[in-house]
Amino acid sequence: MNQSSFSRRTLLKTAGGILVTGGLAHASNLMPRDIDLQKNSKDLIFRSTEPRNGEPELAKLVQSWQTPTELFYVRSHAPNPTINPKEFRLKVEGLVRQPISLSLDELRRLPEKTTTATLTCAGNRRSEYNGPEYEDVPKVGGVQWEGGTIGNATWAGTLLANVLKQAEVTEGAKHVWFEGLDRIPKNGQTIGFGGSIPIEKAMHDAGNGAPLLTHTMNGAALTPDHGYPLRMVVPGYIGARSVKWLGKIVVSDRPSPNHYVATAYKIVKKTTPLDWSESGPIYRFPINAAICTPKPHTQLAAGEVELTGYALPSGRSGSSIKDVLISADEGRTWTRGEMTGKTQDFCWQLWKAKVKINPTTKTLVLRASDSAGGFMPARVPWNAKGYLRNSWYRLPIDAG
Ligand code: MTE
């Protein structure tokens, strides 16, 4: 990002967040990253627009291994905040000997690292918890996501571990908190979205799994929807730990007390204070997969059908998809899918398969397993907030 080009312009608030304007007459002065920042355009099915929550059509999602920003899901708990990049500072404090305050320019001067990693929301496929399988339990509220809250982007920024090393983390440090600059009304107060990860993950500084203080997504400045000007990207962990509009990092001896660590993003049957306190925060995402083409209830002639989709190995280093299996007869026989696209640590895998159906086939069932021993179970127990839905993926079809 060219900071000087910002100084000539004003920040305006729009429905989609911030828009940089005022210097457009001098278009030749704009860096490509500035031009992208103004776009914030999306090709998503919006489940809500204030805040913005949208997922792509599954058929579009799996057209490429690297997800274009337009097709990358958005999950936000409040409208995009307006952040003046000139005044922005990232603060690092808590159990550190040298508290730090960094401007965007200073952050961009730190050694840059680029990582491709998949982000996925803990609520991916949540709407299935309200399907016929779960008639005897309460309806699950929240955004009714289908299988599109997942995307695989290329992120650039600087290693969290390097900044923490500069701050000189002291003994007793066990967790690192992230605080967002958004303003979410919650229980009569206004809070920023918070995340927290264990210190071992935070200090990880090698390979694809290293957490990144990210300013660039798919080669352009982060768009307002994705956390401009700075966000965390924590490969292998649920999306909620990748805090957007990041303003502060706190090193602590305990997980963050922020609502989104202490009282959400946990697997609970009931939402009483006791249930929340007895359940730990979700960190790593489990294996998951979906059939993305054809669409549900497509009319298909008996014979061979072509399917495509994604499969995400569990969020461990070295974990890759071992098998993608599809059944047209409720699990009696299985056909193996073929991997397409790249295989890379902490990234999804695209796949395709040819499966035989007959006129009585009602459902195609998908399951996957990974090299770390992860597998998709036939059923997952209901939980009150509808997280981590990763049971066999069922696609209803109209065969004839
Ligand atoms: N960070 C802030 N500040 N506010 C948010 O609402 N949502 C989280 C995470 N970081 C959120 C946030 C959740 S639940 C997810 S899944 C990811 O951002 C989504 O990132 P994306 O919108 O860039 O896809």
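Numbering of ligands and ligand atoms starts at 1, following listing order. Not measured: the values here are computed from a predicted model. In this chain, residues are counted from 1 in sequence order.
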Q: Return the residue, atom name and 0.1 Å-rounded distance of the protein heavy atom closest to atom 4 (N) of ligand 1.
A: Asp182 OD2, 2.6 Å
Q: Looking only at protein heavy atoms, which one is nearest to atom 22 (O) of ligand 1, and how far off is it?
A: Lys244 NZ, 2.6 Å
Q: For Ser76 and ligand 1, does the shortest N/O to N/O distance drop below 3.5 Å?
A: no
Q: Should Phe346 and Trp155 be marked as a ring-ring contact (aromatic ring centres under 6.0 Å, His included) after you check the CA-CA gap, both sets of side-chain angles, and the distance that decides it?
A: CA-CA 13 Å; Phe346 296 100; Trp155 314 96; over 10 Å; no
Q: Is it true that Glu70 and Lys42 make a salt bridge, defined as a side-chain N closer than 4.0 Å to a carboxylate O?
A: no
Q: Measuring from non-hydrogen atoms of Arg241 to any atom of ligand 1, is the shortest distance under 4.0 Å?
A: no
Q: Using the ring of Trp334 (Phe, Tyr or Trp, six-membered ring only), decide whether Arg367 places NZ or CZ under 6.0 Å from its centre and within 45 degrees of its axis.
A: yes
Q: Which residue owns the protein heavy atom closest to atom 16 (S) of ligand 1, what's the atom, and how far is it?
A: Tyr73 OH, 3.3 Å
Q: What's the shortest distance from atom 20 (O) of ligand 1 to any protein heavy atom, and which residue and atom give it?
A: Arg231 NH2, 3.2 Å
Q: Parallel, tilted or perpendicular for Tyr387 and Tyr265, by the 30°/60° rule?
A: parallel
Q: Any nitrogen or oxygen of Trp245 lying under 3.5 Å from a nitrogen or oxygen in ligand 1? Just yes or no.
A: no
Q: Considering all heavy atoms of both residues, which atom of Ile291 and which atom of Leu58 are nearest to each other, and what is their separation?
A: O-CD1, 3.9 Å
Q: Among all protein heavy atoms in this structure, tell me which lies nearest to atom 7 (N) of ligand 1, with the distance rounded to 0.1 Å.
A: Arg75 O, 3.1 Å
Q: Is the shortest heavy-atom distance from the side chain of Tyr129 to the side chain of Asn383 under 4.5 Å?
A: yes
Q: Considering both backbone and side-chain atoms of Tyr265, is one of its nitrogen or oxygen atoms within less than 3.5 Å of a nitrogen or oxygen in ligand 1?
A: no
Q: Closer than 3.5 angstrom, by distance alone: can the side chain of Lys186 be matched with the main-chain N or O of Phe193 as a donor-acceptor pair?
A: no
Q: Look at atom 10 (N) of ligand 1 and say which protein heavy atom is nearest, naming residue and atom and giving the distance to 0.1 Å.
A: Ser242 O, 3.1 Å
Q: Quick check on side chain to side chain contact (heavy atoms under 4.5 Å, CB included): which of Arg47, Arg126, Arg125 does Glu146 satisfy it with?
A: Arg47
Q: Do you reckon Val250 sits in the same ILVMFWY cluster as Leu213, going by side-chain contacts under 4.5 Å, direct or chained?
A: no
Q: Considering distance alone, does some N or O of Thr120 sit under 3.5 Å from an N or O of ligand 1?
A: no
Q: What atoms in ligand 1 come closer than 4.0 Å to a heavy atom of Phe72?
A: 24 (O)
Q: So if I count the atoms of ligand 1 from 1 in the order they appear, which ones are less than 4.0 Å from some heavy atom of Cys121?
A: 16 (S)
Q: Among all the protein's non-hydrogen atoms, which is closest to atom 17 (C) of ligand 1, and how far away is it?
A: Gly239 O, 3.5 Å
